[in-house]
Structure formats: C-alpha cells, structure tokens
Protein chains: 4
Amino acid sequence: MEKHSASNDREPKFRRRAGARPDEVLDAALHLFTEAGFERTTVEQIAHRAGLSKAAVYLYFPSKKALLAGLVRRAVVPLADRALAQITSYQGDPRPVLRAVMTQIATNLTDPSVLAVPKLVLREAVTAPEIAQMYREEMLDRVLPALTALIAQGVAGGHIRAVDPSLTLRSLIGPVFLHILLAEVFGILTGGELAMQALIDNHLTLLFAGLEPEGKA
Amino acid sequence: MEKHSASNDREPKFRRRAGARPDEVLDAALHLFTEAGFERTTVEQIAHRAGLSKAAVYLYFPSKKALLAGLVRRAVVPLADRALAQITSYQGDPRPVLRAVMTQIATNLTDPSVLAVPKLVLREAVTAPEIAQMYREEMLDRVLPALTALIAQGVAGGHIRAVDPSLTLRSLIGPVFLHILLAEVFGILTGGELAMQALIDNHLTLLFAGLEPEGKA
Amino acid sequence: MEKHSASNDREPKFRRRAGARPDEVLDAALHLFTEAGFERTTVEQIAHRAGLSKAAVYLYFPSKKALLAGLVRRAVVPLADRALAQITSYQGDPRPVLRAVMTQIATNLTDPSVLAVPKLVLREAVTAPEIAQMYREEMLDRVLPALTALIAQGVAGGHIRAVDPSLTLRSLIGPVFLHILLAEVFGILTGGELAMQALIDNHLTLLFAGLEPEGKA
Amino acid sequence: MEKHSASNDREPKFRRRAGARPDEVLDAALHLFTEAGFERTTVEQIAHRAGLSKAAVYLYFPSKKALLAGLVRRAVVPLADRALAQITSYQGDPRPVLRAVMTQIATNLTDPSVLAVPKLVLREAVTAPEIAQMYREEMLDRVLPALTALIAQGVAGGHIRAVDPSLTLRSLIGPVFLHILLAEVFGILTGGELAMQALIDNHLTLLFAGLEPEGKA
DNA sequence: GATGAATGAGCCTTCATTCAT
DNA sequence: TATGAATGAAGGCTCATTCAT
C-alpha cells in the first residue's frame with residue numbers, strides 16, 4: 001500500500017521537489033495530528049499545510065490512516081536506533097550508562113517534534129491498534145528489552161541490588177514519563193519551567209541510592 | 001435497521017424512570033468513549049446502548065460534549081475524595097502512609113471502570129482542554145499537592161532524605177503510571193498478569209531505600 | 001378539529017382559568033410567530049410563554065398549524081367587523097367617510113398587537129395558503145368590496161371624478177400600507193417617527209384633490 | 001430514494017462547468033425559496049434542482065443563509081441600477097418622468113423572476129435582518145431618495161403643489177405595491193388580469209391631478 | 001504528476017407530536 | 001386537566017475519497 005519508498009532516490013533536477021513531497025505531507029500531518037488529533041484533522045488541512053491539493057495527498061498515501069502509519073514508521077525507527085546505539089552492552093555497574101541513556105531520552109523528548117510522535121501514538125492507540133502495534137514492535141520491543149538486559153546484567157554482576165529488572169525498568173523511566181505528561185497535558189510544571197534535568201537528577205539520586213547493593217551500605 | 005429491540009420485551013416502548021436515566025446514559029457513553037474515543041463514538045450508539053432514542057439523550061445532556069464533561073465530573077470528584085481521605089495529615093515518616101496510598105491508588109486503577117476515566121481524559125485532553133482543566137482542578141490540584149506536602153513534611157522532620165518534594169512525587173507515582181500504560185495501551189505485561197502489587201513492592205523497596213536519610217545508612 | 005370554542009362559557013370557579021387557557025396560548029403564539037415567524041417558533045416556546053407544558057398545548061389545538069389558523073381567525077373577524085361598522089352605507093360625497101375610515105384603519109394598525117396579525121398573514125401566506133384564504137374570506141372580501149362600493153356610489157352620485165372604484169381603492173390604501181411596511185420591515189421612517197397622521201393628511205389632500213369632479217375645478 | 005437521475009442521461013456523473021455553477025444554484029434556490037420560503041426549503045432540494053449533490057452546494061456557498069444573501073445581492077444591484085438609470089436628474093415638471101419610472105417599475109415587477117426577490121426579502125426580512133438591511137442599503141436607500149429628490153425639485157420649481165416629498169413618494173408607489181400584493185398573495189385581481197397598466201393610468205391620473213399647483217386650477 | 005470538481009455516507013442536533021400517568 | 005418522558009423523522013453541514021482532465 002505505502003507508495004513513498006524506494007525508487008525516489010535520484011531526484012531529477014527538472015521535477016520540483018518530487019522526491020521530498022511525501023515527507024512534506026508527513027510533516028504537515030504530524031503537526032496537525034499532534035495539535036488536533038487524527039479525527040479532527042482533515043485531509044484538506046494537511047494538503048493545504050503541505051502546499052498541495054487534497055487529491056495530491058492521495059497520490060502518495062492511499063488513505064488518511066496510511067498517513068498516520070507512515071508518520072509513525074518514519075519517526076520511530078531512527079528514534080529507536082538512536083536510543084539503542086546508546087545502550088552498549090556494558091559489563092559492570094549499569095548506573096552510569098543508565099544515567100546517560102536517561103539524559104539522552106529526556107533531551108530527545110524535550111524536542112517538540114520528537115515528542116509529537118509518542119504523544120500521537122498514545123492518543124490514537126485505542127482506535128488504531130495497528131499503530132500501537134507498530135510502535136510496540138519497532139520501538140518498545142527493541143528498546144525496553146535492551147534496557148532490561150542492562151539492569152539484569154547489573155544484578156547478575158552484583159553491581160546493584162537484586163531487583164526484578166522488568167519492574168525496575170518502570171521505576172527508572174516512569175517518572176520521566178509522568179513528568180512530561182503532567183506538563184504537556186495538564187500544564188503542571190515544577191518551578192516554572194520543564195526542569196527536566198532537575199527531575200532526572202533528583203530521581204536518579206534516589207533510585208541509584210535505592211539500587212545500592214544491600215550489604216554494601 | 002437495528003431498532004434496539006430484542007431482549008427488551010418485558011419493557012414497554014415508553015418507560016418512565018427519569019431519575020436513573022442520566023446515569024445510564026453516562027455509563028453507556030463511558031463505555032463507548034473508552035473503547036473508541038470521543039470522536040468515533042456516535043450519539044446514536046450511546047443512545048442505543050443506554051436503551052433510548054438518540055433524541056432522548058438530548059433530554060438529559062445538551063450536547064455530545066456535555067456528555068464527556070458530565071462523565072468526567074461524575075467520576076472525578078469521588079475518586080479524588082477517596083484518595084484524599086487516605087492521605088491523612090500525618091506527622092512522622094511518610095513512607096508507611098505513602099505505601100498505603102500507592103496501594104490504594106493502584107487497586108483503584110485496576111478496576112477497569114475506574115481506570116476508564118483518566119484514560120479517556122488523557123486521550124481527549126488535547127482536543128478538549130476544558131476536560132483537561134476540569135480534571136486538573138478537581139483531581140490533580142487536590143491530590144498531588146496533598147502528596148507533595150506529605151513528602152515535604154517527611155523531609156522537614158528528617159524522616160527522609162532532603163529531596164525536592166514535587167519532583168519526588170513524580171518518582172513515586174510515575175512507575176505505576178507507566179506500568180499501567182504499557183499494559184493497557186501496548187499490551188506489554190511483566191510475567192503475564194498486570195502484577196501491580198509486585199510492581200509496587202519492587203518500586204517502593206527501591207525508592208524507600210533511596211529515601212533513607214543519608215547519614216543514617 | 002378546533003376545540004377551544006362553545007361550551008366554555010360558564011367558567012366554574014374551581015378550575016383555574018380553564019376557559020382562558022386557549023386564548024393565552026394564542027397570545028403567546030401570536031407574539032412569537034410575529035417575532036420569529038411560524039417555522040422558527042417552537043411549540044415548546046409557545047407553551048413556555050403561555051405557562052403550560054408542551055403537551056397541554058395539544059389539548060387545545062390539534063397541531064402547530066392549527067395555532068396559526070386559530071390565531072388569525074380570532075383576530076380577523078372583530079377587526080373586519082370594526083372596520084365594516086365604520087363604512088356606513090353612505091349616500092353623498094364619500095370623501096369624509098373615507099377619511100374617517102382611513103384614520104381608523106391607520107390608528108388600528110399602529111397598535112402592534114393588531115398589526116401583528118396581517119404582518120403574520122403576509123409572511124406565512126405563501127406556505128400556508130389556507131391562512132391566506134381565510135384572511136381573504138373573513139377580512140378582505142368583506143372590507144374591500146364595502147369600500148369599493150362607497151367609492152362607486154360617489155362616482156355614481158357625481159361627487160367624485162369617474163374613476164375605476166377597484167383601482168382607486170388601491171390608490172387610497174396603498175400608501176398607508178407601504179408606509180407601514182417601510183417602517184416595520186426596513187426601519188425607514190420619515191422625520192423620525194411613524195408620522196402616520198401626517199402621511200394620511202398629505203395623502204388624502206392629494207388624492208381628494210385629484211378626485212374632485214373634472215368640470216367642477 | 002430520489003437519486004436525481006432520469007433525464008440526465010446525456011450528462012456524465014461528474015460534470016465540470018465550474019463557472020456557471022454558483023449561478024445555477026442561486027437560480028434553484030430562488031425558485032424554491034420563493035415557492036416555499038427559506039425555512040421550508042431544504043439544501044437537498046436546492047441541490048437536486050440545480051443538478052448537484054447537497055455537498056456540492058457547500059462548495060460554492062458556505063451555508064444555507066449565504067445562499068439567501070447571495071441571491072438577493074445578485075438580483076438587487078442590477079435592479080436598482082436599472083431603476084436609477086431611469087430617474088434622470090430632471091429639471092422641470094417631474095410628472096412625465098415619474099410616469100415613465102412608474103411604468104418601468106411596474107413592468108419589471110410583472111416579470112415573476114424579478115418580483116421573486118423583493119417578495120422573498122419581504123418574507124424573510126423578519127428572521128434575517130441582514131437581508132433586510134442589504135436590501136435597504138443596496139436598493140431602497142439608493143432608489144427612494146432619488147425619487148424623493150425628483151419630487152422635491154418639482155415642488156421647488158413650482159411645478160407641483162407644495163407637498164412633503166417623502167410622504168408623497170409613498171402616495172406614488174404604494175398603490176402599485178398593494179396592487180401586486182393583493183394579486184400575488186391573495187389572488188385578488190381586478191377585472192381578471194393583473195391590469196397593471198390600468199392601475200397606473202387610473203392612479204396617476206388621480207395623483208397628478210391632485211399634484212396640480214393649487215392656484216393654477 | 002497534479003488538481004478542481006464532485007459526491008455518498010454520516011453525524012449532531014432539533015422538533016412536532018404522542019402517550020402513560 | 002395536565003405533564004414529563006420519549007421518539008421518528010428530518011435537516012444542515014462535514015469529510016474522506018474519487019475521477020476527468
């Protein structure tokens with residue numbers, strides 16, 4: 001179904017921006033979907049924002065829903081890749097690596113255009129399970145196990161307390177998630193700014209202290 | 001077609017139960033909104049599910065949006081009240097109280113009909129800011145400060161480490177939130193069940209250890 | 001079909017205003033129909049204004065349209081009667097009588113509650129031909145011929161010029177009609193007030209001079 | 001049902017005549033509005049009569065009300081222009097000019113498609129004041145003052161009696177107006193035909209005689 | 001490749017009318 | 001007599017999608 005792929009990589013000079021069009025459409029769609037949700041966004045609006053006619057959108061995407069899918073697919077793979085690259089298969093105390101990963105994740109999510117995609121996925125997951133599944137497969141099922149493994153290795157090596165790695169993963173990321181959510185959805189900020197770094201510092205101080213091997217203290 | 005008949009054959013065409021009707025409509029709306037989202041749910045569907053005609057819905061609620069608002073309002077106040085009742089203005093180490101509150105919150109959210117409302121609010125907050133605001137005012141602005149104060153008091157009394165109470169609140173609840181989200185939206189479970197109690201145990205063990213006053217350890 | 005008639009003339013003391021109800025409904029209907037037109041007025045509004053329930057309106061009138069009909073019928077007969085009483089079968093120069101009649105008509109139409117009915121008839125005549133016909137039969141076909149005859153008699157007696165009585169009737173009343181219309185519908189006034197008496201004076205001075213028998217001048 | 005097919009069998013399902021479409025829609029709307037009034041006319045009916053789908057109507061007009069407005073605007077300006085062209089800024093006895101203008105107005109209003117617009121305006125003015133105002137601004141406020149000035153000039157030049165020009169204007173046009181109204185709304189004719197010319201002859205004979213300067217007679 | 005024109009299906013909302021009480 | 005409750009039948013408007021050009 002998806003048409004905007006392959007074969008577009010040569011960019012002839014005499015066809016205006018031909019290759020870039022689908023991407024521009026996705027950009028427009030992302031912006032509008034994020035602002036108003038999938039249902040409340042019309043194909044017309046997307047076309048207008050991308051500088052095309054409504055019909056032209058259907059040249060690149062077979063349906064409105066395909067736009068959503070294309071959107072998520074485009075964003076999710078590099079996002080996951082970037083995250084995975086950080087999580088080297090480390091041997092030793094995982095806490096420094098976890099701190100680095102957390103900071104990177106947090107930084108990424110501070111960029112509105114990056115945050116937009118998970119936000120959108122969250123919103124539309126209920127009505128578009130394919131989207132949820134894609135996000136799960138391409139993102140969560142790649143990144144979360146890697147992080148879990150990192151924790152498990154730390155436990156195995158005795159670097160951190162004997163915790164359940166899967167559950168501890170939630171203890172690790174959950175606060176960042178909630179922090180963003182309170183700010184983005186309900187406008188509840190601490191201090192006055194997002195203060196993401198402060199959150200991470202406070203959180204990891206607590207959590208990493210809690211992870212200290214029991215006997216060691 | 002679909003003249004909502006069947007199974008109704010002991011009831012006359014016109015009933016007369018005024019009192020309970022609005023609640024029945026809200027029940028129907030909650031169910032459908034949660035399943036398919038606000039936009040994808042028809043007033044007709046709601047009416048059908050509540051056993052009334054479309055027009056009758058408008059006897060009780062002036063608009064579709066008023067249904068959403070009424071829904072949230074109905075659920076949110078008792079929910080917040082129940083939570084607040086738990087958070088007694090305790091003096092002393094806040095950790096036992098926090099554990100109790102966390103367990104209660106988690107238990108509540110395990111009930112699908114209770115979880116449905118925040119889930120719905122989350123979904124529709126972007127396009128219906130009034131809903132987000134109502135939820136914030138009636139729920140978040142009542143419960144979160146109470147919890148924050150509890151933590152702050154613990155810090156002041158030297159019962160826990162000198163953390164930022166607001167940020168620490170996120171460390172406290174975030175994991176529960178993420179846990180539910182992964183399960184509900186993406187079907188990602190640990191073990192095979194929701195295992196909410198296990199999550200709380202693991203999380204609080206870590207967090208409460210991390211909160212131990214520094215010198216004490 | 002009409003139910004509010006006969007048999008109501010005894011007014012038992014222990015039934016609140018029973019006999020007056022239909023009239024109150026008609027009053028309410030007249031007010032609202034005049035203000036917003038028949039279509040834009042809901043039975044609910046009429047009921048509310050009359051201080052009854054919607055269903056009660058249907059106790060007195062079988063349909064919304066019957067309200068319109070009842071309304072016009074109630075107003076039109078006395079109106080026509082009053083006008084006819086004035087047009088005595090005079091012998092002689094009809095001009096003094098015509099002046100008196102014109103003044104009376106004009107005075108009547110200055111009363112908003114009297115003007116309301118023809119205004120309403122005019123508006124609804126297109127879609128409710130029965131109404132137009134009733135107005136014609138009960139009002140126009142009684143009053144206009146009487147006035148025409150008055151003019152004809154004046155011509156026959158040589159009191160006024162040999163004009164076509166029917167057409168002259170239009171010359172007589174038309175200006176009053178247009179004057180009201182410009183004021184009521186378009187807010188176009190002369191001077192600043194309705195100035196109905198000034199219009200009649202100016203008009204009849206002209207017209208009556210024009211009616212002077214030819215040789216006589 | 002009623003899939004507006006038949007008789008269209010030489011036309012493909014999708015046509016492409018952009019330019020003329022809005023006008024065709026207005027034509028259809030005028031016809032239906034005049035026959036049944038604004039409220040009783042469905043957009044569907046208009047679309048059907050214009051040979052389009054309901055949705056296509058909204059391609060050209062943003063709302064049903066905009067149809068009414070567009071309709072009046074389209075008709076009113078040329079109508080006023082034509083009338084104004086006639087009313088040359090004459091110096092001298094205004095009666096010949098007035099006679100010409102009256103005849104032209106009467107002739108115009110005899111054409112049903114021309115009469116339709118003022119008739120419609122009259123009907124809908126109460127509930128759509130914008131329409132009344134537009135009609136007033138584009139039509140009445142242009143034509144009536146011009147006629148009034150013509151009369152005033154005649155008075156000033158001593159060509160006609162010292163009358164109030166504004167009020168006399170009503171004496172001039174009112175009868176034509178009433179004549180049409182009785183015929184159109186109530187089916188009251190003189191003779192058997194509209195006999196518009198006879199009315200004007202009779203009326204102007206009277207009126208112009210009445211306007212004769214006093215001393216002169 | 002690109003678009004203006006068009007539409008079928010559907011949705012929210014309204015309202016005259018009915019009926020059990 | 002009076003009404004609260006209920007509904008069938010529209011009606012205005014929107015929108016994803018299609019097609020001729």
ask   = Where each residue is assigned the nucleotide of DNA chain F containing its nearest heavy atom, which of D:T42 and C:L52 is assigned the position nearer the 5′ end?
value = C:L52
task = Could you pick out which residue, B:S63 or C:V43, lies toward the 5' side of DNA chain E when each is mapped onto its nearest nucleotide?
result = B:S63
query = Could you give the distance from CZ (D:R21) to CG (D:D23), rounded to the nearest 0.5 Å?
reply = 12.0 Å
ask   = Could you state the CG-P distance from A:L59 to F:dA16, rounded to the nearest angstrom?
value = 17 Å
inquiry  = Determine whether a donor-acceptor pair (N or O, by modelled atom type, separation under 3.5 Å) exists between the side chain of C:E124 and the backbone of C:I131.
reply    = no
Spacing of C:E24 atom CD relative to F:dT1 atom C1', expressed in whole Å = 14 Å
ask   = Does the F:dT7 base have a donor-acceptor partner in the side chain of B:K54 within less than 3.5 Å?
value = no
key: Between C1' of E:dC15 and NE2 of C:H48, the distance in whole Å   = 17 Å
task = Whole angstrom is fine here: how far is it from CZ in B:R40 over to C1' in E:dC12?
result = 17 Å
request  = Could you tell me the separation between the NZ atom of A:K64 and the P atom of F:dT14, rounded to a whole number of Å?
outcome  = 15 Å
task = Could you let me know what E:dG10 is paired to, Watson-Crick or G-U wobble, both distances under 3.5 Å, or none if it's on its own?
result = F:dC13
message = If you assign each of A:E44 and D:Q45 to its closest nucleotide in DNA chain F, which residue comes earlier from the 5' end?
response = D:Q45
inquiry  = Tell me the interatomic distance from C:E39, atom CD, to E:dT14, atom P, rounded to whole angstroms.
reply    = 17 Å
message = So, does D:R21 get its side chain near the phosphate of E:dG4, meaning an N or O under 4.0 Å from OP1 or OP2?
response = no
query = So, does D:T41 use its side chain to make a donor-acceptor pair with the main chain of D:L32 at under 3.5 Å?
reply = yes
query = Can you tell me if the side-chain N/O atoms of C:Y60 get under 4.0 Å from OP1 or OP2 in F:dT1?
reply = no
message = Please give me the minimum heavy-atom distance between C:A28 and C:I46, naming the atom from each residue.
response = CB-O, 3.6 Å
Interatomic distance where OH belongs to D:Y58 and P belongs to F:dA16 [whole Å] = 18 Å
message = Please name the nucleotide paired to F:dG4 by Watson-Crick or G-U wobble geometry with both distances under 3.5 Å, or report none.
response = E:dC19
task = Starting at atom CZ of D:F38, determine the distance to atom P of F:dG11, rounded to an integer number of angstrom.
result = 13 Å
Closest-nucleotide 5' rank along DNA chain E - winner of B:K65 and A:S53 = A:S53
query = Among F:dT17, F:dG4, E:dA6, which is the nearest nucleotide to the side chain of C:A55?
reply = F:dG4
request  = Any chance you could measure B:K64, atom NZ, to B:F33, atom CZ, to the nearest 0.5 Å?
outcome  = 6.0 Å
